Every structure is written in C-alpha cells, then in structure tokens.
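Written out below as structure tokens is the structure these notes cover.
Keep in mind it's a predicted model, so treat the numbers as computed, not measured.
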Amino acid sequence: MVVMGVFVLSIQGMGLVPKIFIAPSQDPVFTGKLELPLGTSIERSEEVIAAVDDFINRNYYRPGQGDPVMANWMVFIGDGGPRFTLTLDPPNPNPANSFLVANTFDGGKVEEVISALENFVVTEFPDLAVQLARLENGPPVGYPIQVRLSGRDFNSLYRIADQVTSHLYQTTGVTSVKNSWGLQTKKLLVEVNQERARRAGVTSEDVAYSLRTSLAGIELTQYREEDKLIPVKLRTVQLIVKMSASLTE
C-alpha cells in the first residue's frame, strides 16, 4: 500500500514539473537583440543605445540605494559582435541592428533586469524590436512565435502581415513583433538617354559611378587601427545626380 501510494503521488507530482525541452543557462548572463526598422541610420541607433545604456547605468549599475545589480555590459552597434558561444545567434551586420551582452552579479536578478529593460524599450521606443534572453543551452530558438506568409502579391503580403502584427500586439504577453521584410523602401530608377550620353562623351558606367559616389560612396582604401580595418570612402557633397539627370531628358 505504501509503494502504491508513493507511485500515485509521483504521478500527480509530475504535473508540477515545468515542461521545457532544454532549460536556458542559469549563468548571470543575458543577451539582447535591438533592431530598429531597416534603413535606420547608424546615428539613430547610437542615440537609442545611449538611452538604453543610461537606463541600465541609473537603475542597475549606480542605483540610488543598495548594491549594483549589473557587473558590466557592452553593446555592439551596427554589428552582432563575436560569437562567443555556439548557441549564440547575433543579428546580421546592419546600421539598424545592435547586440547587447550583459553580466549580473546574481543570476536570480536576470529576469528582473530583462523585464524592466523590455518595459523601458517598449515605452520609449515603440519601433525598436527587442529580444532579451538568457544564454541558450540548446540550439537558438529565436522568437517563440513565428508566422510565415508566402504569396506572389507583395502588397497583399504586407497587408496581411500588418493584420497579423496587430493581432499579436493584442495578445497578452506579447511585447515585441518584428517583420523580417521591414518597411517598404523607395527605389531609384535611372534611364540614360544613350544618344545624348554618347554626344557628351559619357557612358552608362560613368553615370553609375557618379550615382554611387553621391549616394553610397566609393571605398578608396582601408585605414588600420590596431586590429581593426576602417574603410575610407569618397562621397560627394553636391549631388552629381543633376548632371546624370540631364542626360535622361
């Protein structure tokens, strides 16, 4: 009877065991993906990260009372940083993307810091997609809810994606939703009048070079600073597009 009673109690007690396939690491470390809309400049990313850095510094590194919670942290702006563990999935290099790596003194405080930081970001920067989590012991999961839409009509896909985003934001517990396509961007289409271009002694390659110099810049060389290579780009201040546009008339 005692054995049967223990067996029944063990079966009932299984309902109290958390259902998780691979538990996250209990180390006092957490990471965060901070992704602004595609097309955001590096200067805007620096402003947002400066505000996040100030929030951590005021509340968890140098609080008014009590011991500090955070030991140290660093943010890679425009880059995902080094992959210091195999399970890490940093964001792709992009001026709009940043990656946070933070260490706390007590692993039990990690969830508290993550919750407070998420609330701050959602309130102050609604367009910032944030994903904060402990280090994974298994393969990276990414966002816990992922919806894939496929089709041939881009406008319909964007419309349905907006509807899904609105529905997710109305769901309790959802704080951040990211669209992998991002916002629609404008496209510059240049049609060169080949006859006038030949009379002016200008080729299509010359026009393309001028546009690239004006819009993105041409990398001339690289400057080495210790172990870093910094590209040196040439970019015109006054747009040469005016000269190119006259060739299309």
Identify the two heavy atoms, one from [X] and one from [Y], that lie closest to each other, and give their separation to 0.1 Å.
{"X": "Ala197", "Y": "Val192", "value": "CB-CG1, 3.9 Å"}
{"X": "Gly80", "Y": "Pro90", "value": "O-CB, 3.3 Å"}
{"X": "Glu219", "Y": "Pro231", "value": "CD-CB, 3.8 Å"}
{"X": "Tyr169", "Y": "Val177", "value": "OH-N, 3.3 Å"}
{"X": "Ser98", "Y": "Ser45", "value": "OG-CB, 4.4 Å"}

With no hydrogens and no angle check, is any side-chain donor or acceptor of [X] less than 3.5 Å from a backbone partner on [Y]?
{"X": "Arg134", "Y": "Asp27", "answer": "yes"}
{"X": "Thr40", "Y": "Pro37", "answer": "yes"}
{"X": "Ser10", "Y": "Phe7", "answer": "yes"}
{"X": "Asn57", "Y": "Asp53", "answer": "no"}

Neighbour count >12 (heavy atoms, 6.0 Å) for atom [atom1], [X]:
{"X": "Tyr209", "atom1": "OH", "answer": "no"}
{"X": "Gln163", "atom1": "CD", "answer": "yes"}
{"X": "Leu220", "atom1": "CG", "answer": "yes"}

I'd like to know if [Y] and [X] are part of one continuous hydrophobic network [Ile/Leu/Val/Met/Phe/Trp/Tyr, side-chain heavy atoms within less than 4.5 Å].
{"X": "Val164", "Y": "Leu157", "answer": "yes"}
{"X": "Leu9", "Y": "Met4", "answer": "no"}
{"X": "Val122", "Y": "Leu34", "answer": "no"}
{"X": "Val6", "Y": "Met14", "answer": "no"}
{"X": "Ile77", "Y": "Leu229", "answer": "no"}

Under 3.5 Å, which donor-acceptor pairs do the side chains of residues 103-110 form with other protein atoms, sequence neighbours left out?
| from | atom 1 | to | atom 2 | distance (Å) |
| --- | --- | --- | --- | --- |
| Asn103 | ND2 | Asn72 | OD1 | 2.6 |
| Thr104 | OG1 | Pro28 | O | 3.2 |
| Thr104 | OG1 | Asp106 | O | 3.0 |
| Asp106 | OD1 | Gly108 | N | 3.1 |

Would you call [X] and [Y] a side-chain contact if the rule is heavy atoms closer than 4.5 Å?
{"X": "Leu211", "Y": "Val190", "result": "yes"}
{"X": "Thr213", "Y": "Arg235", "result": "no"}
{"X": "Tyr60", "Y": "Glu112", "result": "yes"}

Spatial distance of atom [atom1] ([X]) from atom [atom2] ([Y]) [nearest 0.5 Å]:
{"X": "Glu47", "Y": "Phe125", "atom1": "CD", "atom2": "CZ", "result": "8.5 Å"}
{"X": "Ser204", "Y": "Glu191", "atom1": "OG", "atom2": "CD", "result": "11.5 Å"}
{"X": "Asn155", "Y": "Tyr158", "atom1": "CG", "atom2": "OH", "result": "9.5 Å"}
{"X": "Thr123", "Y": "Glu118", "atom1": "OG1", "atom2": "CD", "result": "11.5 Å"}
{"X": "Thr221", "Y": "Leu234", "atom1": "OG1", "atom2": "CG", "result": "12.5 Å"}

(request) Quick one: name the residues clustered hydrophobically with Val29, using the 4.5 Å side-chain heavy-atom rule over I, L, V, M, F, W, Y, and just say none if it's on its own. (result) Met74, Phe76, Phe84, Leu88, Phe99, Val101, Leu135
(request) Using distance alone, with no hydrogens and no angle criterion, decide if Asp162 and Thr165 have a side-chain donor and acceptor under 3.5 Å apart. (result) no
(message) Apply side chain to side chain contact (heavy atoms under 4.5 Å, CB included) to residues Val232 and Gln222 and explain how you reach the verdict.
(response) CA-CA 5 Å; Val232 179; Gln222 291 181 333; over 6 Å; no
(message) Quick one, Ile218 with Lys233, criterion side chain to side chain contact (heavy atoms under 4.5 Å, CB included). Give me CA distance, side-chain angles, the key distance, then yes/no.
(response) CA-CA 5 Å; Ile218 301 296; Lys233 289 188 176 183; over 6 Å; no
(request) If the plane angle is over 60° it's perpendicular, under 30° parallel, otherwise tilted; pick one for Trp73 and Tyr61. (result) perpendicular
(message) Assess whether a salt bridge exists between Lys228 and Glu225, defined as any Lys/Arg side-chain N lying under 4.0 Å from an Asp/Glu carboxylate O.
(response) no
(message) Here's a test for you: under side-chain contact (heavy atoms from CB on, under 4.5 Å), which of Ile49, Thr31, Leu132 qualifies with Leu100?
(response) Leu132
(message) One pair to check against side chain to side chain contact (heavy atoms under 4.5 Å, CB included): Glu46 and Ser41. What are the steps and the verdict?
(response) CA-CA 9 Å; Glu46 291 176 346; Ser41 64; over 6 Å; no
(message) I'd like to know whether Glu35 forms a side chain to side chain contact (heavy atoms under 4.5 Å, CB included) with Lys33, so could you lay out the CA-CA distance, the side-chain angles of the two residues, the decisive distance to 0.1 Å, and finally the verdict.
(response) CA-CA 6 Å; Glu35 302 177 351; Lys33 294 181 180 179; 4.0 Å; yes
